[in-house]
Protein chains: 2
Amino acid sequence: MTLIESTLDSIAEIGFARTSVSEIIDRAQLSRGMIHLHFGGKDALVEESAKYSSAKYYDSLNGLLKTAGSDPQESVEAIIRSDLSEEVLNKRTVSLWYAFRGESRERKAIAAYSDTRDARLRNLAFEAYLKIARQSGLPEPETTAKDATNGTLALLEGMWTDFLLHPESFDRGAAIRTIFRFLSALFPGYFDLDGAVLKAAARG
Amino acid sequence: MTLIESTLDSIAEIGFARTSVSEIIDRAQLSRGMIHLHFGGKDALVEESAKYSSAKYYDSLNGLLKTAGSDPQESVEAIIRSDLSEEVLNKRTVSLWYAFRGESRERKAIAAYSDTRDARLRNLAFEAYLKIARQSGLPEPETTAKDATNGTLALLEGMWTDFLLHPESFDRGAAIRTIFRFLSALFPGYFDLDGAVLKAAARG
DNA sequence: AAATAAAATGGATGATCGTCCATTTAGTGT
DNA sequence: ACACTAAATGGACGATCATCCATTTTATTT
């Protein structure tokens, strides 16, 4: 575990290319042979680290999502606020995600762990949008919900990239408001610039 | 030039970590000393490669943007369609972008070249949205335009990530339609699911 | 306390890394 | 044809890489 944490620290701080076995064991204060003993080799350790990092992201996200209310628009708001919260989106996590993605093309095992938007999250968003689309009587609710899901996840991805490239000037509030501006246009009555609009005001 | 192309080929195909001097000169069919002679060292060559790659992206984009009509919504449509066209968004370019980004935190020179959405493009989009927001009489047109700009660029970023992680199943048409669904909600009369709505139909 | 098993160590190894430069090859001017 | 300059070569160098295992240390059982 300390080896995995050290590996992640190194990747986050000095990048993939510079993360060597020596660097990792120095950080972990462990001896040279431990990587081979516990993981079989550096590549396997890196893979495990990617897996662990991914699991941690989902754990954080799931923990935050539990606070969501019952209305579909509240679920959506929870996803957005969680994914842009300091706990989930910070310098370390974003460095790790992009480091792993940079190597994901050649290492499929890593690619599998570096997709932040997995099926569960996708499905959660889709179900929420589907309810909203049906309630608001939009034509083709499935297609609308699918587009809204893809768009929301893409918007979140884009905000992450913004954070990666401009961590100092990144404004969480502005990012959230931007997303809700789009959502409030797409589903008026269900969202406004501050987030979800609760049902009493939204529907009859 | 052939050294830069070989460097980019290597990074795109086998990743940053595996791109060595030997790998580059093998691909370029040049001798060992050429990197030192022409660039001073490997790091400088990589930097020049990032610069070149970035310039190529903007050249492609600018070339495609020239075909845009005069209406602001046509400019926006041109940006979106160009950024998701095969010429701009393909396996090679997306591999390169994410490889450079993965190393961008530790190497600021690379970070500068790995931001796809530079000030020019941002400004172009903002001016277009500002016109639309003013024409359609929305309150706070500047804020709306700013959000629309950030959102559009974030959406494009997100679509790129989708392409990186699922290049086989990525659907350009669906990506474009998703973006226009958001825009048509935000600026009804100016966009529909297929793109820009021309002025005769949009205004009085 | 002795015997045995398990965990951890760190030096040795060969491969590969990026750099550098003495030498060779190609190009230009006389 | 010769002298001279510029371009290109590729081997040598020390540094660092990941791996592996003989040895030592720690823990467990008898």
Side-chain angles (χ1 to χ4, degrees), chain A residues 1-53 95-96 99-111 113-114, chain B residues 1-53 95-96 99-111 113-114:
Chain A
M1 186 59 64
T2 180
L3 273 173
I4 288 179
E5 285 290 359
S6 298
T7 304
L8 294 176
D9 281 344
S10 174
I11 292 174
E13 285 172 29
I14 63 173
F16 217 98
R18 286 197 244 256
T19 295
S20 63
V21 167
S22 302
E23 180 70 33
I24 295 168
I25 58 152
D26 277 359
R27 286 169 183 267
Q29 303 229 62
L30 254 42
S31 66
R32 199 146 197 79
M34 297 303 285
I35 291 176
H36 179 255
L37 184 67
H38 288 306
F39 297 93
K42 186 197 174 190
D43 281 2
L45 168 59
V46 168
E47 241 170 65
E48 285 299 313
S49 302
K51 184 178 179 177
Y52 175 80
S53 173
S95 290
L96 286 173
F100 284 130
R101 280 191 184 151
E103 289 293 317
S104 71
R105 175 155 307 275
E106 257 311 289
R107 300 182 59 173
K108 296 190 177 176
I110 288 180
Y113 298 123
S114 73
Chain B
M1 187 57 63
T2 178
L3 272 173
I4 288 180
E5 285 290 358
S6 297
T7 304
L8 294 176
D9 281 344
S10 175
I11 293 174
E13 286 172 29
I14 63 174
F16 217 97
R18 288 197 241 257
T19 294
S20 64
V21 167
S22 300
E23 180 70 34
I24 295 168
I25 56 148
D26 276 0
R27 286 170 183 267
Q29 304 231 60
L30 254 42
S31 65
R32 196 146 198 79
M34 296 304 284
I35 291 177
H36 179 255
L37 184 67
H38 288 307
F39 296 93
K42 186 197 175 192
D43 281 3
L45 168 59
V46 167
E47 241 169 65
E48 285 299 314
S49 301
K51 185 178 178 178
Y52 175 80
S53 173
S95 291
L96 286 173
F100 284 131
R101 279 190 184 151
E103 288 295 314
S104 71
R105 175 155 309 272
E106 258 310 289
R107 300 181 61 174
K108 296 189 177 177
I110 287 180
Y113 298 124
S114 72

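Here is how names work: the chains are called A, B, and so on, in the same order as the sequence lines, proteins then strands, and each is numbered from 1.
Considering CD of A/E47 and CZ of A/R107, their distance stands at 6.0 Å, rounded to 0.5 Å. To the nearest 0.5 angstrom, B/I11 atom CD1 is 9.5 Å from B/E103 atom CD. Considering CG of A/L30 and NE2 of A/H38, their distance stands at 7.0 Å, rounded to 0.5 Å.
Every residue meeting the side-chain contact (heavy atoms from CB on, under 4.5 Å) condition with B/S53, not counting sequence neighbours, appears here in chain and number order: B/L8, B/L96, B/F100.
Side-chain contact of A/E5 with A/Y52: a donor-acceptor pair under 3.5 Å is present, judged by distance alone.
Between B/H36 atom NE2 and D/dA12 atom C1' there is a gap of 15 Å when expressed in whole angstrom units. Regarding A/I25, its CD1 atom lies at a distance of 14 Å from the C1' atom of D/dC20, rounded to whole Å. Between the C1' atom of D/dA18 and the CG atom of A/L3 lies a distance of 14 Å, rounded to the nearest Å. Atom NZ in A/K42 sits roughly 8 Å away from atom C1' in D/dC17 (whole-Å rounding). Between B/E23 atom CD and C/dC17 atom C1' there is a gap of 13 Å when expressed in whole angstrom units.
Screening residues 11-26 of chain B for side-chain hydrogen bond (donor to acceptor under 3.5 Å, both in side chains) gives B/S10-B/T19, B/E13-B/R27, B/S22-B/R32, B/E23-B/R27 as the qualifying pairs, with residues at least two apart or on separate chains.
Residue B/A50 comes nearest to B/I110 through the heavy atom pair CB-CG1, 4.4 Å, listed as atom of the first residue, atom of the second, then distance. Considering all non-hydrogen atoms of both residues, A/S104 and A/A111 come closest at O-CB, 3.6 Å. Closest approach of A/F16 and B/A17 over heavy atoms only: CD2-CB, 4.4 Å.
For DNA chain C, no neighbouring residue in residues 13-22 of chain A is found when judged by any heavy atom under 4.0 Å.
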N/O contacts under 3.5 Å, protein versus nucleotides 9-13 of chain C?
residue : atom : partner : partner atom : Å
C/dT9   : OP2  : A/S31   : N            : 3.2
C/dT9   : OP2  : A/S31   : OG           : 2.8
C/dT9   : O5'  : A/S31   : OG           : 3.1
C/dG10  : N7   : A/R32   : N            : 3.4
C/dG10  : N7   : A/G33   : N            : 3.4
C/dG10  : O6   : A/G33   : N            : 3.3

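The bend of the helix from C/dA1-D/dT30 to C/dT30-D/dA1, defined by the angle between the axes of its first five and last five pairs, stands at 10° to the nearest 10°.
Listed pair B/H38 / D/dA7 fails the phosphate criterion, with no side-chain N or O lying under 4.0 Å from OP1 or OP2.
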Inset, instruction - Start with the C-alpha gap between A/L45 and A/V21, add the side-chain angles, then the distance that decides, and say whether side-chain contact (heavy atoms from CB on, under 4.5 Å) holds. - result: CA-CA 10 Å; A/L45 168 59; A/V21 167; over 6 Å; no
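Taking a 6.0 Å sphere around NZ of B/K51, one finds it holds 12 or fewer heavy atoms contributed by other residues, nucleotides or ligands.
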